[in-house]
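A short worksheet on the structure shown next.
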Amino acid sequence: MSHWSARLTELGIELPQVVAPLAAYVPAVRTGNLVYTAGQLPIHNGNLLATGKVGADVPQEDAKALARQCALNALAAIDALVGIDAVVKVVKVVGFVASAPGFDGQPGVINGASELFGEIFGDAGAHARSAVGVSELPRNAPVEVEVIAEIG
């Protein structure tokens, strides 16, 4: 078992409460040694932190911070299901960015999630990733992130 909970404390990061599902799904599912999270929006204390399109309504740097919040929400879902210390590796991150026409900075936005995983997990946080521009996300959210993690 790893001691990621101690690392979170060291970094001054507190995992948020698990975001209640907005439809017919669960926040995370385990199959074998993998945990898949549902897509996580930038919700904190029950509130969506921003709305609109990145590159028009939401500046790219703000969207990067929102992607970090999505990643924290994904970690909270993993923690609630199996415990954060069970994480062996972050395997895959998929990020969706509600993009204004012509906006092509999706990778920079999703770095908000990727860099958080590096801070917490070090080499075990290095992952495969997709950063996808989309026209709309649920609740007009600017960013959504889902995670696949290997657990021990």
Side-chain angles (χ1 to χ4, degrees), residues 4 7-31 34-82 84 87 89-151:
W4 304 122
R7 178 70 178 145
L8 288 171
T9 300
E10 178 184 315
L11 292 169
I13 296 172
E14 187 174 326
L15 293 180
Q17 293 293 317
V18 176
V19 175
L22 305 176
Y25 62 90
V26 295
V29 172
R30 177 182 179 171
T31 182
L34 296 174
V35 170
Y36 291 75
T37 71
Q40 300 292 316
L41 300 180
I43 294 175
H44 184 68
N45 291 332
N47 297 311
L48 186 62
L49 297 177
T51 58
K53 303 279 189 284
V54 180
D57 314 305
V58 179
Q60 184 170 342
E61 279 306 306
D62 291 357
K64 182 178 178 182
L66 295 170
R68 180 182 175 95
Q69 182 63 49
C70 294
L72 286 168
N73 292 344
L75 290 177
I78 293 167
D79 185 50
L81 185 66
V82 298
I84 196 72
V87 173
K89 175 142 188 69
V90 177
V91 177
K92 176 86 188 251
V93 172
V94 180
F96 302 95
V97 180
S99 302
F103 179 76
D104 64 359
Q106 294 84 5
V109 170
I110 302 306
N111 278 349
S114 296
E115 291 169 4
L116 175 71
F117 296 135
E119 282 178 52
I120 296 169
F121 300 109
D123 290 343
H127 52 271
R129 187 181 89 177
S130 299
V132 182
V134 298
S135 62
E136 297 288 336
L137 286 169
R139 291 184 153 186
N140 196 27
V143 183
E144 182 174 349
V145 173
E146 60 183 54
V147 176
I148 303 169
E150 179 186 357
I151 56 169

Counting distance only, does the side-chain N/O of W4 pair as donor-acceptor with the main-chain N or O of I120 below 3.5 Å?
-> no
Enumerate the residue pairs fulfilling side-chain hydrogen bond (donor to acceptor under 3.5 Å, both in side chains) with a member in residues 126-139, sequence neighbours excluded, ordered by first and then second residue.
-> K53-E136, N111-R129, S114-H127, S114-R129
Minimal heavy-atom distance between R30 and V35, with the atoms involved, is CB-CG2, 4.2 Å
Where is the tightest heavy-atom contact between A67 and A113, given as atom of each residue plus distance?
-> O-CB, 3.8 Å
Do P138 and L41 touch side chain to side chain, with heavy atoms closer than 4.5 Å?
-> yes
Quick one: does V97's side chain get under 4.5 Å of V134's, heavy atoms only?
-> no
Heavy-atom closest pair, residues A98 and A141 = CB-O, 3.6 Å
Is any side-chain heavy atom of L137 less than 4.5 Å from a side-chain heavy atom of N140?
-> no
Show me, pair by pair, the donor-acceptor contacts under 3.5 angstrom made by side chains of residues 8-29, not counting sequence neighbours?
from : atom 1 : to  : atom 2 : distance (Å)
T9   : OG1    : S5  : O      : 3.2
E10  : OE2    : R7  : NH1    : 2.4
Y25  : OH     : L22 : N      : 2.9

For V58 against A63, the heavy-atom pair lying closest together | CG1-N, 3.9 Å
With sequence neighbours excluded, residues passing side-chain contact (heavy atoms from CB on, under 4.5 Å) with Y36 = T31, L34, I148
Ion pair check, E115 and R68, cut-off under 4.0 Å | no
Taking the side chain as C-beta and beyond, is there a heavy-atom pair between N73 and L75 under 4.5 Å?
-> no
State, with a plain yes or no, whether a side-chain heavy atom of F103 is found less than 4.5 Å away from one of Q60.
-> yes
Could you check if a side-chain atom of Q69 sits within less than 4.5 angstrom of a side-chain atom of L49, using non-hydrogen atoms only?
-> yes
Evaluate the side-chain proximity of V145 to V94: yes if any heavy-atom separation is below 4.5 Å, no if none is.
-> no
Any side-chain heavy-atom pair from Q106 and F96 closer than 4.5 angstrom?
-> no
Interatomic distance, CG@L66 vs CD1@I110, rounded to 0.5 Å, equals 10.0 Å
Identified side chain to side chain contact (heavy atoms under 4.5 Å, CB included) counterpart of V87 within the set D79, V147, I78 | I78
